[in-house]
2 protein chains.
Amino acid sequence: MARKITSQDVAKLAGVSQSAVSRVFTKGASVSPDMAERVRVAADTLGYRPNALARGLITGRTRIIGLVVAYLDNPFYPDAIEKLSTALQKQGYHLLIFTTGRHGIDTDRVISELLDYQVDGIITASINLSGKLTKRCAAAGIPVVLFNRGIPGSGLSAVTSDNLAGGRKAAEFLLAGGHKRLAHISGFRDASTSQDRLEGFRAALAEAGHDVHAIEDGKYDRATACEAARRLMDRPDPPDAIFVANDHMALAVMDVLRFDLKLDVPGDVSILGYDDVPMAAWPAYDLTTLRQPTRRMVQATVEELFAQLENPTRAARRIEIDGPLVVRSSARIPQGYVT
Amino acid sequence: MARKITSQDVAKLAGVSQSAVSRVFTKGASVSPDMAERVRVAADTLGYRPNALARGLITGRTRIIGLVVAYLDNPFYPDAIEKLSTALQKQGYHLLIFTTGRHGIDTDRVISELLDYQVDGIITASINLSGKLTKRCAAAGIPVVLFNRGIPGSGLSAVTSDNLAGGRKAAEFLLAGGHKRLAHISGFRDASTSQDRLEGFRAALAEAGHDVHAIEDGKYDRATACEAARRLMDRPDPPDAIFVANDHMALAVMDVLRFDLKLDVPGDVSILGYDDVPMAAWPAYDLTTLRQPTRRMVQATVEELFAQLENPTRAARRIEIDGPLVVRSSARIPQGYVT
DNA sequence: CGATGGCGTGCATAGGTATGCAAACACCCG
DNA sequence: CGGGTGTTTGCATACCTATGCACGCCATCG
């Protein structure tokens, strides 16, 4: 294993000073074309590349963004992460990734480790942050953007879809379809996404003089959602439509209804999901769902993060991106319905 | 934004030298209990944590592992990444993640950037590495482990399932089921996983006096696999069984057969997948498939990586982990078949 | 032709930590 | 009481790069 090649080595070979080498690799620095050329040649023959650590130590910018995510079994997240990573790479930034597991017990420890690496910013997905952590990040001047979760009163920027509107659209579509007993399977009780989707759903039902027929806790988990579905259908007055807080659970619910309880979807029960993950479009499910516009959400997240990097005093923003109802065949289509 | 807190600040407050502070946070260093206590207190009141960058600059160890992955739409990878991340975090390592996109054109650039960050090691998933890059990593003394792909002759360690054996098992199971025209939809032509699965399949067929009835290129891509399936069934002599190179494509093929061509699976055609992703177990598909034991593969990958870190001169290993055939209902079950 | 300004370059230092070395100290045994 | 052994501690330096400062050079302008 050869010794590491440093800017000193390049400088010696090119017959210039170390600063010169540094300047050639720092865009915006003043260098004569002549010297730039010589340094480039020397660097190439030695295979030199600037040490990002040393650079980060001095500039205070690592070009690393910390990403904290609880779990990846909901395909919405891998999709978002891939887009996020691509968008950041395009700007010369990279993702240091941390998983907390479903329980998210040690989120604080995880973020501490993230801070150790002097990340320039943090993106969290499906994660609740403690107030203490929030303060630590603020004290360190590190911007935080919450992806697909808001924490009211935290003073943190958050990017979500318009969950309230989504919940409303769900209710309106199901009501228009003539359903009478509209149930809901929620996500995490303490997740803003889940709360807002339910709240919008409830509000629209209330305006039409309805109540939410029944609510079960699905915890954004497949197995839990399956049980929730069974409990709902076990009732003396089972629902004729279920709005499920995300697609990942909705697909599970469809499986239970069809294969376990031998029910017809949407003949016996209509199912509505949330996210529009790729699988929702697969013909085996053909799930009617509310689209979360991943691309635009990712773009907004990145933009917000960079905006905060440039202007640390910038006020936190709550960005809600509206997504359409994607009508497929898992929920009864109202007569005369037009997109 | 408060100035960063350094070991100097802690030293001053505790009335000791900076080296003392460093030693308290470096395990294995000799410190008196008395001093350790005073430093700890001072550090806590100031909220000090060692700067991982500076530490990495000096020790030459960043505790960062670079992960390069092409795409995340195949759910096998998110699953593996989550396990990988958890396993590494347990050892105090973290993942810097890079995506190359399906075309993987600029893999070289991506790995260069990875090296800039002085990562301690690199894991690649579903990626082919150029020989030039391999040499660069070797020269920098950075161990590389290929996950779910081997590159013969590259001198790199690789962890895969036993793809040859898997291919054989697929053939044997389908032959035992009485199938006569056994087709294959492959992954990437230049991916060892795809080649080996086909090779094992072909070999077992040959031993039974059969040929592979037809081969189509699926490129590990859903849309491409759908077209491949249609082409296969368009033939004058369509296959009565298809071994698909991974589950992600196999599910697509099942969708095409059932919903597009109105065929029965396995009544008209048997389908066999590879991976055993979570969705393969969902009742809507209930896919018979060859399991890749993710947990053990991840464990082996991490162990191999650490082994190389400790002993840089260690020879590269090719680790193949055998996985069982998981029999479900997408392929005809041979009479009298017992697990 | 002298003054002014802008550009290109090197020197020296900073950024935060780990560690070899030597000094200080304690302790034990003969 | 002296020498040897072992443990703590501080000093100084190294890791690698970016950048403020000063200097020299050339061009430009009045």
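Letters A, B, ... are given to chains in the order of the sequence lines, protein chains preceding strands, and every chain is numbered from 1.
Remark: nothing in residues 34-45 of chain A comes within less than 4.0 Å of DNA chain D through any heavy atom.
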**OP:** Check the pair Y48(A), F25(A) against ring pair (Phe, Tyr, Trp, His ring centres under 6.0 Å), reporting the backbone distance first and the verdict last.
**Re:** CA-CA 11 Å; Y48(A) 168 79; F25(A) 284 91; 5.4 Å; yes
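Side-chain nitrogen and oxygen atoms of Y48(A) include at least one within less than 4.0 Å of the OP1 or OP2 phosphate oxygen of dT17(D). Phosphate contact (OP1/OP2 of dG16(C), side-chain N/O of S7(B), threshold under 4.0 Å): absent.
Residues satisfying the ring pair (Phe, Tyr, Trp, His ring centres under 6.0 Å) test with F98(B), not counting sequence neighbours, are H94(A).
Here V21(B) lies out of heavy-atom contact (under 4.0 Å) with every strand. Residue contacts shown for S32(A) are limited to sugar-phosphate atoms, with no base heavy atom under 4.0 Å away.
With hydrogens and angles ignored, no donor-acceptor pair closer than 3.5 Å exists between the side chain of S22(A) and the base of dC16(D). You won't find any donor-acceptor pair under 3.5 Å spanning the side chain of S17(A) and the base of dC11(C), going by distance alone.
Considering only side-chain atoms of N51(B), the nucleotide from dT17(C), dC11(D), dT17(D) that sits closest is dT17(C). Comparing dG10(D), dG10(C), dC16(D) against the side chain of L57(B) picks out dC16(D) as the nearest.
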For nucleotides 21-23 of chain D, list the nitrogen or oxygen atoms of the protein found under 3.5 Å from its nitrogen or oxygen atoms, one pair per line.
none

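Between Q18(B) atom CD and dA14(D) atom P there is a gap of 15 Å when expressed in whole angstrom units. For the pair Y117(A) OH and dG16(C) C1', the computed distance is 15 Å after rounding to whole Å.
Heavy-atom nearest nucleotides on DNA chain C were determined for V31(A) and for F25(B), and the one closer to the 5' end corresponds to V31(A).
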